**Student:** 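Can you read through this structure? Questions will come right after.
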Amino acid sequence: MRVELRERLRRLGVRKGTSHLCPRPTPPDPPATTAALEGQEVVTARGTFHLRAQRFPLDAQHGHYPLGRVLSAPLEPLPDLLIPTGSPVVSPIRMAFLDTETTGLAGGTGTVAFLVGVGFIGEEGVEVRQYFLRDLDEEPAMLEHLADDLTRRNVQAVVTYNGRGFDLPLLETRFTLNAIPSPMGGLGHLDLLIHARRLWRPRLRRCSLGNVEAHVLGHRRDGIDIPGWLVPYMYREYLHTRDPRPLRQIFYHNLHDILSLIVLTDIVLRAWHDPWSEPTLAPEDFLARARAFLAAGEWDKAESALRHILHHAARSDVRQRAYALLGTLLKRRERWDDAVRVWERWLEEYPQALEPHEELAKYYEWQVRDPAQALVWTERALGVLAQGGNALSHRWRDAFQHRRERLLRKCSFDRKP
């Protein structure tokens, strides 16, 4: 029995002793890491970590725009853009442009931010500070120094890209686990992903930071950049090999994320304040501004934005949405003649559209009190539905058939002596 067990263990690869085991990776060599990644070793009461600081002049270009343009951006939209809504207006000088690189993308208490990049802008230029963990046990020292930096600079708002769902909750968890008071409590938060989607999703469909950089900022990264999903794997490989040289790609990726946050903040503020003067906005992008103007009751601005779309935009789905919103706006303002012209123009351009048929049928039935003309538009809509091709044809057909029956009764009643 014992011989049989030994043979089974041998087949499984079990061996006596420890000489065949892989040696544990040696701790990182601080001078080697500093030389490879540039920067300096910071010594604190809670340990050490690596810090890289870079400075850029205000006229340095990032894509089509200088970094310093944000200093002259209009700040009036901020209370509506910050989280929580209604937060006080904050100067860009009091903003921290923050991005993290982490050991995993799912979050949770087991995920660590091994690189935290923060950009600060002032009258003399932009400084990007990158706080890096050469080993995971450097986290308390790094977080405490980061908290001191944010407090010392009197930061009043944090700017991120998807920070509401990832970066800020992760950092709050790490501060708590390391018994360090968070410097972010009570700060305003500008999550640019929210506003990028509102402004550019109708045109770009996908609002990843890289896609917004390419199509809005005019910025393209060089071959050293890496996709974000690869970052955790590269850091784990570093912890195993202790070779810091491949990490230059992660530092580059993080740096350009932060520079893009600065420029994107400027563009979002200008687009929200005066979209007609912001050259990065294509006609399709005015849908978001029109919706915001409608929600705020700014009817004239909303109408101007929608007519701008119809005058310049080419995409069918965007044009039809603009027709729908403009018709709704004019109907709310009881500008019936203008609304009818919009619905008729919509049908001239898109004869298969069902919504303008419905709006015209409702208009003639309830506003003009002309059931016969309302029936004409209802019959036309049923003719369109008979041709098929509408994904929601069953719902539309039921609604128009019900309307047809009611209008036939009204017409029959009107014809009685």
Side-chain angles (χ1 to χ4, degrees), residues 37-40 51-78 81-82 89-99 115-131 149-150 152-161 163 188 190-193 195-196 199-200 204 207-225 248-282 285:
L37 300 178
E38 302 178 348
Q40 62 180 353
L51 175 66
R52 182 181 183 184
Q54 298 179 79
R55 291 173 174 80
F56 304 86
L58 293 176
D59 60 358
Q61 292 286 126
H62 187 75
H64 298 319
Y65 302 93
L67 294 173
R69 195 175 83 136
V70 71
L71 293 175
S72 62
L75 303 180
E76 292 86 349
L78 271 176
L81 302 181
L82 287 169
V89 170
V90 179
S91 165
I93 293 176
R94 294 287 174 251
M95 294 178 180
F97 301 86
L98 183 146
D99 184 63
L115 176 63
V116 180
V118 186
F120 303 100
I121 189 166
E123 299 296 343
E124 297 180 355
V126 171
E127 181 182 13
V128 177
R129 296 169 69 82
Q130 293 173 292
Y131 308 76
D149 270 359
L150 295 176
R152 176 172 53 83
R153 293 172 182 264
N154 192 24
V155 169
Q156 298 172 8
V158 179
V159 182
T160 68
Y161 204 84
L190 180 61
D191 190 336
L192 292 171
L193 174 61
H195 310 299
L199 283 168
W200 295 297
L204 301 183
C207 287
S208 66
L209 184 55
N211 208 32
V212 172
E213 280 181 346
H215 294 94
V216 178
L217 308 187
H219 175 65
R220 295 194 179 273
R221 306 189 186 195
D222 63 28
I224 194 176
D225 193 38
R248 295 169 184 164
Q249 294 176 280
I250 299 178
F251 275 70
Y252 175 93
H253 177 85
N254 180 259
L255 170 67
H256 282 258
D257 281 355
I258 293 165
L259 297 179
S260 290
L261 292 181
I262 295 173
V263 175
L264 193 55
T265 297
D266 172 56
I267 293 174
V268 166
L269 288 172
R270 294 177 190 273
W272 224 252
H273 179 69
D274 184 7
W276 290 274
S277 67
E278 180 46 55
T280 59
L281 292 188
D285 303 334

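For clarity, every value in this text was computed on a predicted model and none was experimentally measured. Only this structure's heavy atoms are used, side chains among them; waters, hydrogens and symmetry mates stay out.
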**Student:** With a 4.5 Å limit on heavy-atom distance, are the side chains of Leu78 and Met95 in contact?
**Tutor:**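 Yes - at least one pair of side-chain heavy atoms lies under 4.5 Å apart.
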**Student:** So, using salt bridge (charged side-chain N to carboxylate O under 4.0 Å, His left out) as the criterion, who are the partners of Asp285 when residues are at least two apart?
**Tutor:**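 Partners of Asp285 by the salt bridge (charged side-chain N to carboxylate O under 4.0 Å, His left out) criterion, ordered by chain and then number, come out as Arg203.
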**Student:** Do the side chains of Trp272 and Leu199 get nearer than 4.5 Å, heavy atoms only?
**Tutor:**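 With C-beta onward as the side chain, the pair touches.
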**Student:** Please examine the side chains of Tyr161 and Val212, heavy atoms only from C-beta on, and report whether any two atoms are closer than 4.5 Å.
**Tutor:**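 Counting from C-beta outward, Val212 and Tyr161 do come under 4.5 Å.
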**Student:** Taking the side chain as every heavy atom from C-beta outward, state whether Phe251 and Leu115 have any pair of such atoms under 4.5 Å apart.
**Tutor:**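 Answer yes - side chains close enough.
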**Student:** Taking only residues two or more places apart in sequence or in another chain, which ones pass side-chain hydrogen bond (donor to acceptor under 3.5 Å, both in side chains) with Arg94?
**Tutor:**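 Per chain and number, Arg94 pairs via side-chain hydrogen bond (donor to acceptor under 3.5 Å, both in side chains) with no residue.
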**Student:** Any idea which heavy atoms bring Cys207 and Ala196 closest together, and the distance?
**Tutor:**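 Looks like SG-O, 3.7 Å.
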**Student:** Using modelled atom types and a 3.5 Å cut-off, is there a donor and acceptor pairing between side-chain atoms of His253 and backbone atoms of Gln249?
**Tutor:**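 A pair under 3.5 Å: no.
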**Student:** Quick check: closest heavy atoms across Leu281 and Pro275, and the distance to 0.1 Å?
**Tutor:**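 Between these two residues, the closest heavy atoms are CD1-CB, 3.6 Å.
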**Student:** Could you check whether any side-chain N or O of His195 sits under 3.5 Å from a backbone N or O of Leu81, counting only pairs where one atom can act as donor and the other as acceptor?
**Tutor:**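 Yes, His195 side chain to Leu81 backbone: donor-acceptor pair under 3.5 Å.
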**Student:** For Asp274, check salt bridge (charged side-chain N to carboxylate O under 4.0 Å, His left out) against everything at least two apart and list the hits.
**Tutor:**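 In terms of salt bridge (charged side-chain N to carboxylate O under 4.0 Å, His left out), with neighbours along the sequence ignored, Asp274 is linked to no residue.
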**Student:** Using every non-hydrogen atom in the two residues, find where Ser277 and Pro279 come nearest and quote the distance to one decimal.
**Tutor:**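 The answer is O-CD, 3.3 Å.
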**Student:** With sequence neighbours left out, write down each residue that passes salt bridge (charged side-chain N to carboxylate O under 4.0 Å, His left out) with Arg220, or none if nothing qualifies.
**Tutor:**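 None.
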**Student:** Can you name the residues that form a salt bridge (charged side-chain N to carboxylate O under 4.0 Å, His left out) with Glu76, not counting sequence neighbours?
**Tutor:**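 Testing Glu76 for salt bridge (charged side-chain N to carboxylate O under 4.0 Å, His left out), a comparison that skips the adjacent residues, returns none.
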**Student:** Are any of the side-chain heavy atoms of Gln54 and Gln130 separated by less than 4.5 Å?
**Tutor:**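 When only atoms from C-beta onward are counted, Gln130 and Gln54 do touch, with a gap below 4.5 Å.
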**Student:** Donor-acceptor pairs are to be reported for all side-chain atoms of residues 258-265 against protein atoms at under 3.5 Å, with residues two or more places apart or in another chain.
**Tutor:**
{"residue": "Ser260", "atom": "OG", "partner": "His62", "partner atom": "NE2", "Å": "2.8"}
{"residue": "Ser260", "atom": "OG", "partner": "Glu213", "partner atom": "OE2", "Å": "2.3"}
{"residue": "Ser260", "atom": "OG", "partner": "His256", "partner atom": "O", "Å": "3.0"}
{"residue": "Thr265", "atom": "OG1", "partner": "Leu261", "partner atom": "O", "Å": "2.7"}

**Student:** Side chains of Phe56 and Pro66: does their closest heavy-atom pair fall under 4.5 Å?
**Tutor:**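 Heavy-atom side-chain distance check fails, nothing below 4.5 Å.
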**Student:** Looking only at heavy atoms, what is the nearest atom pair of Pro74 and Leu269, with distance?
**Tutor:**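 Closest heavy-atom pair between Pro74 and Leu269: O-CB, 3.5 Å.
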**Student:** When you measure from the side chain of Asn254 to the backbone of Asp99, do you find a donor-acceptor pair of N or O atoms at a distance under 3.5 Å?
**Tutor:**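 Indeed, once roles are kept as given, a pair shorter than 3.5 Å links the two residues.
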**Student:** Partners of Asp222 by side-chain hydrogen bond (donor to acceptor under 3.5 Å, both in side chains), sequence neighbours excluded?
**Tutor:**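 Checked Asp222 against side-chain hydrogen bond (donor to acceptor under 3.5 Å, both in side chains); matches are Tyr252.
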**Student:** According to side-chain hydrogen bond (donor to acceptor under 3.5 Å, both in side chains), who are the partners of Arg52, at least two apart in sequence or on a separate chain?
**Tutor:**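 Applying side-chain hydrogen bond (donor to acceptor under 3.5 Å, both in side chains) to Arg52 gives Glu38.
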**Student:** For Tyr65, check ring-ring contact (aromatic ring centres under 6.0 Å, His included) against everything at least two apart and list the hits.
**Tutor:**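 Counting only residues at least two positions away or on another chain, Tyr65 forms no ring-ring contact (aromatic ring centres under 6.0 Å, His included).
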**Student:** For Ala96, enumerate each residue passing the side-chain contact (heavy atoms from CB on, under 4.5 Å) test, keeping only those at least two apart in sequence or located in another chain.
**Tutor:**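 Counting only residues at least two positions away or on another chain, Ala96 forms a side-chain contact (heavy atoms from CB on, under 4.5 Å) with Val118, Phe120, Leu150, Val155.
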**Student:** Just how far is it from atom CG of Leu192 to atom CG of Leu209, taken to the nearest 0.5 Å?
**Tutor:**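 Rounded to the nearest 0.5 Å, the CG-CG separation comes to 9.0 Å.
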**Student:** Are Trp200 and Val216 side-chain neighbours, meaning at least one heavy-atom pair lies under 4.5 Å?
**Tutor:**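 Side-chain contact under 4.5 Å: yes.
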**Student:** Among residues at least two apart in sequence or on other chains, which ones pass side-chain hydrogen bond (donor to acceptor under 3.5 Å, both in side chains) with Asp266?
**Tutor:**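 Asp266: side-chain hydrogen bond (donor to acceptor under 3.5 Å, both in side chains) contacts with Arg69, Arg270.
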**Student:** Within a strict 4.5 Å, meaning less than it, do heavy atoms of the Val70 and Ile121 side chains meet?
**Tutor:**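 A side-chain contact under 4.5 Å exists here.
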**Student:** Name all residues meeting the side-chain contact (heavy atoms from CB on, under 4.5 Å) criterion together with Ser91; count only those two or more places apart in sequence or in a different chain, and write none if there are none.
**Tutor:**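 side-chain contact (heavy atoms from CB on, under 4.5 Å) list for Ser91, sorted by chain: Ile93.
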**Student:** Can you give me the closest heavy-atom contact between Gly122 and Leu71, atom names plus distance?
**Tutor:**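 Closest approach of Gly122 to Leu71: O-CD1, 3.8 Å.
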**Student:** Val268 vs His273, test: side-chain contact (heavy atoms from CB on, under 4.5 Å). Steps then yes/no.
**Tutor:** CA-CA 8 Å; Val268 166; His273 179 69; over 6 Å; no
**Student:** Using 0.5 Å steps for rounding, measure from the CD1 atom of Ile267 to the OG1 atom of Thr280.
**Tutor:**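 Taking CD1 in Ile267 and OG1 in Thr280, the distance rounds to 5.0 Å.
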